[in-house]
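Quick caveat, the model's predicted, so the values are computed rather than measured. Lettering of chains follows the sequences in order, A, B, ..., and the numbering in each one begins at 1.
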10 protein chains.
Amino acid sequence: MLFHVRMDVQLPPHMPAAQADELKKTERELAHSLQRSGKWRHLWRVAGQYANVSVFDVGDVEELHALLTSLPLFPYMQIQVMPLCRHPSSVRDGDA
Amino acid sequence: MLFHVRMDVQLPPHMPAAQADELKKTERELAHSLQRSGKWRHLWRVAGQYANVSVFDVGDVEELHALLTSLPLFPYMQIQVMPLCRHPSSVRDGDA
Amino acid sequence: MLFHVRMDVQLPPHMPAAQADELKKTERELAHSLQRSGKWRHLWRVAGQYANVSVFDVGDVEELHALLTSLPLFPYMQIQVMPLCRHPSSVRDGDA
Amino acid sequence: MLFHVRMDVQLPPHMPAAQADELKKTERELAHSLQRSGKWRHLWRVAGQYANVSVFDVGDVEELHALLTSLPLFPYMQIQVMPLCRHPSSVRDGDA
Amino acid sequence: MLFHVRMDVQLPPHMPAAQADELKKTERELAHSLQRSGKWRHLWRVAGQYANVSVFDVGDVEELHALLTSLPLFPYMQIQVMPLCRHPSSVRDGDA
Amino acid sequence: MLFHVRMDVQLPPHMPAAQADELKKTERELAHSLQRSGKWRHLWRVAGQYANVSVFDVGDVEELHALLTSLPLFPYMQIQVMPLCRHPSSVRDGDA
Amino acid sequence: MLFHVRMDVQLPPHMPAAQADELKKTERELAHSLQRSGKWRHLWRVAGQYANVSVFDVGDVEELHALLTSLPLFPYMQIQVMPLCRHPSSVRDGDA
Amino acid sequence: MLFHVRMDVQLPPHMPAAQADELKKTERELAHSLQRSGKWRHLWRVAGQYANVSVFDVGDVEELHALLTSLPLFPYMQIQVMPLCRHPSSVRDGDA
Amino acid sequence: MLFHVRMDVQLPPHMPAAQADELKKTERELAHSLQRSGKWRHLWRVAGQYANVSVFDVGDVEELHALLTSLPLFPYMQIQVMPLCRHPSSVRDGDA
Amino acid sequence: MLFHVRMDVQLPPHMPAAQADELKKTERELAHSLQRSGKWRHLWRVAGQYANVSVFDVGDVEELHALLTSLPLFPYMQIQVMPLCRHPSSVRDGDA
């Protein structure tokens with residue numbers, strides 16, 4: 001089941017650089033793992049912004065919420081979720 | 001080059017059904033062709049809305065504009081374009 | 001799987017009363033049937049507005065979209081969908 | 001009498017973890033008690049957000065306000081209240 | 001129970017003057033009756049706009065909705081409802 | 001002359017409780033006095049929010065501004081002012 | 001008493017030119033008269049828009065509302081009213 | 001050349017009173033001087049808000065920007081600029 | 001003097017094609033002439049939209065307003081004007 | 001390829017002046033260099049605001065994102081990107 005997710009990150013201005021780096025490193029490793037598992041199907045950077053647009057492929061909404069709240073940057077993100085479904089004009093197997 | 005495009009369709013309430021059907025049929029055929037060519041890389045329906053979220057892969061902005069304005073439903077759509085780039089945490093070749 | 005759906009209805013000002021009545025009658029019958037099947041789990045009127053707030057319980061997003069677009073009033077509604085999941089503080093079996 | 005309530009929580013970034021945990025624990029206990037009493041009729045998590053959508057069943061607006069302002073997280077929440085009434089197409093006794 | 005209601009009226013540009021006059025006359029008579037009964041407690045014009053701000057005093061939300069939808073101008077109004085309660089600093093009996 | 005005023009209060013998260021209590025106490029006393037003088041004609045709490053909706057009856061705009069800026073909580077409030085006038089359908093002497 | 005008023009005009013697309021011209025001519029004559037009387041103290045065009053920003057000097061809100069609703073273009077305008085008062089740093093007699 | 005300017009002031013909550021007073025004093029003196037020179041043609045307080053609406057009469061946009069950024073409160077203001085021109089229905093010499 | 005102008009065009013759905021073509025042809029000729037005169041300094045299409053972003057270089061606001069309202073498509077455009085000035089970091093003569 | 005970029009700067013209120021000056025100096029030097037290379041094609045100040053409107057001419061979206069995130073003020077800016085293309089009515093070579 002597919003969900004369109006937009007995440008806007010805003011770290012507190014006074015967070016020490018070491019803490020920010022550690023957060024980003026752990027975030028990246030989890031992102032890698034979730035992409036390889038196929039759960040985090042697409043991940044793009046929004047040009048000019050500390051934000052991404054993603055597509056998740058999960059078994060249900062509970063799994064989506066568990067994944068998103070497990071992200072180390074979750075407390076510093078604004079997240080918008082939009083459920084997607086197959087478009088009747090789509091011919092691409094990978095978008096089902 | 002990747003662009004995130006959201007299209008919201010609103011046909012005039014008094015458009016004859018035959019005209020609407022013809023528009024949608026031509027739109028679908030063009031969507032098929034653009035997807036097969038790889039230009040219209042992703043196409044999803046937004047759940048509960050007469051709207052789609054798409055990702056286009058084009059050579060430049062001119063080509064994107066030409067494709068979007070060639071859609072038969074273009075005069076009846078609100079379109080929002082957002083340039084995307086590869087995310088540093090992406091491990092998926094298909095998202096570059 | 002639960003989805004929070006808000007529907008705002010706006011019939012065209014010139015729709016003949018007989019057509020509007022027929023639409024509403026068919027809508028009501030389908031709403032009854034979907035509620036009895038358990039798919040349309042909750043349905044409330046928003047006070048002072050021609051709008052409802054609903055909770056749907058469906059197998060996946062495709063089913064939700066199929067149900068919403070099958071509603072006779074669908075062409076005349078603005079629909080907003082928000083995926084829900086069980087709240088960690090919930091003690092109510094019926095909200096899972 | 002039914003009220004649709006959306007609560008968005010935002011704890012101050014510098015709140016000590018122990019204080020946050022204590023707040024959440026007390027909040028959860030009160031939520032349990034209010035749900036068991038039937039006052040807090042529904043409670044769902046909004047997917048991907050530190051927010052909930054709830055339905056309260058109270059005797060009047062005064063009682064609703066007293067319940068909401070008694071929540072330990074009240075000072076850290078944005079709250080939107082929307083009065084609901086029975087939908088003419090509803091067939092579900094529990095939504096009256 | 002008190003509800004703050006704002007109504008913005010917009011008559012269709014092509015409504016015949018006689019029909020508009022008849023609607024407004026019936027609306028005014030009902031407004032008079034509801035004010036005299038105490039249900040429509042306050043009614044003010046918003047300066048410079050075809051809009052009013054009102055306070056209704058009703059037994060419950062169902063009654064409020066029934067009153068609002070019984071207004072002849074209801075199909076031509078945007079309505080916003082906001083539940084009110086007694087302010088702890090209020091000393092005015094009439095505002096309870 | 002009547003003005004509809006909405007005040008949303010937000011105290012800084014780190015304000016000491018004693019200072020907040022003192023502010024609220026002085027605010028309440030001034031609110032009492034202004035209500036008794038007839039200047040602050042109505043005062044209601046917005047359900048679920050640290051906000052009020054009020055109606056002021058003042059000699060002119062200057063007086064309104066002087067009253068609002070004299071409130072101890074003024075530096076911590078977002079204030080929206082909307083001039084009101086008698087509604088042609090009003091039958092209530094107290095709303096003139 | 002001073003009020004800042006912004007008026008955005010939108011004539012229906014199908015209004016005959018003669019009717020529009022007549023409306024504008026009557027509007028202009030009334031505008032002249034109200035300016036000469038001192039009631040319509042300032043009147044500026046917003047660059048690039050069919051809109052104006054005005055300052056009215058009236059005895060009370062009732063008079064302001066009566067003036068605005070007497071304008072021939074009133075049914076075709078969106079109007080926003082904002083009460084003004086003398087600025088403590090103002091040194092200009094004409095702005096009191 | 002005329003520009004409509006709205007300035008909303010928000011001083012940081014922890015600014016020492018002496019610093020705030022000094023800022024406001026210098027601001028007032030500059031405002032006096034600019035009004036006397038005719039550059040700051042109108043200056044009104046927005047009722048109930050720490051905000052003003054002003055009209056500047058400057059030689060060009062560069063001069064406007066230089067004046068606004070020279071204000072001591074500039075770092076603490078949200079500023080909106082709207083170019084004005086003479087209204088065809090204006091009869092007031094002072095508004096040209 | 002430079003002004004940033006965004007124009008969004010929306011032709012009425014029922015305008016005959018011949019009338020639309022004639023309007024666009026006259027608009028294009030005027031755009032050519034204004035560009036050649038240097039008044040319309042920049043003109044870009046917003047990708048995916050029937051809209052443009054422009055920069056005008058005019059003697060004053062009056063001239064800007066006269067140019068914009070002389071455009072044949074003016075009655076069908078939403079226009080937003082934003083005054084620009086030279087950026088202190090600009091090294092480009094053509095942007096002064 | 002052209003992109004319209006708007007940048008709104010907001011430095012943290014407590015940033016030491018020396019740090020702010022250093023940031024601005026480095027930003028200016030980079031801005032100079034990018035303008036001279038032709039990548040940062042236009043740069044204007046928005047009147048009355050700590051903001052700029054720019055046009056970038058880059059090879060692709062990746063290059064645009066790399067340039068924007070390399071700006072020393074990037075962590076303190078809100079950035080909006082809008083892809084542009086040649087307007088069919090443009091006669092100016094420099095806008096292609």
If one checks every heavy atom of Arg92(C) against chain D at 4.5 Å, the contacting part turns out to be both
Ranked by heavy-atom pairs below 4.5 Å to chain D, first place among Gln49(C), Arg45(C), Arg36(C), Arg86(C) goes to Arg45(C)
query: Does the pair His32(C) and Glu29(C) meet the rule for a side-chain contact (heavy atoms from CB on, under 4.5 Å), with working shown?
result: CA-CA 5 Å; His32(C) 287 178; Glu29(C) 290 166 357; 5.6 Å; no
Practice task
Assert yes or no for the condition that the ring centre distance of Trp44(D) to His42(C) is strictly below 6.0 Å.
Solution key: yes
Okay, His4(C) and chain D: the region with an atom under 4.5 Å from a heavy atom over there is side chain
| field | Flag side-chain contact, heavy atom, 4.5 Å: His87(C) against Gln35(D) | value | no
So, the part of Val53(C) with a heavy atom under 4.5 Å from chain D: the answer is side chain
Please examine the side chains of Leu73(C) and Met7(C), heavy atoms only from C-beta on, and report whether any two atoms are closer than 4.5 Å.
no
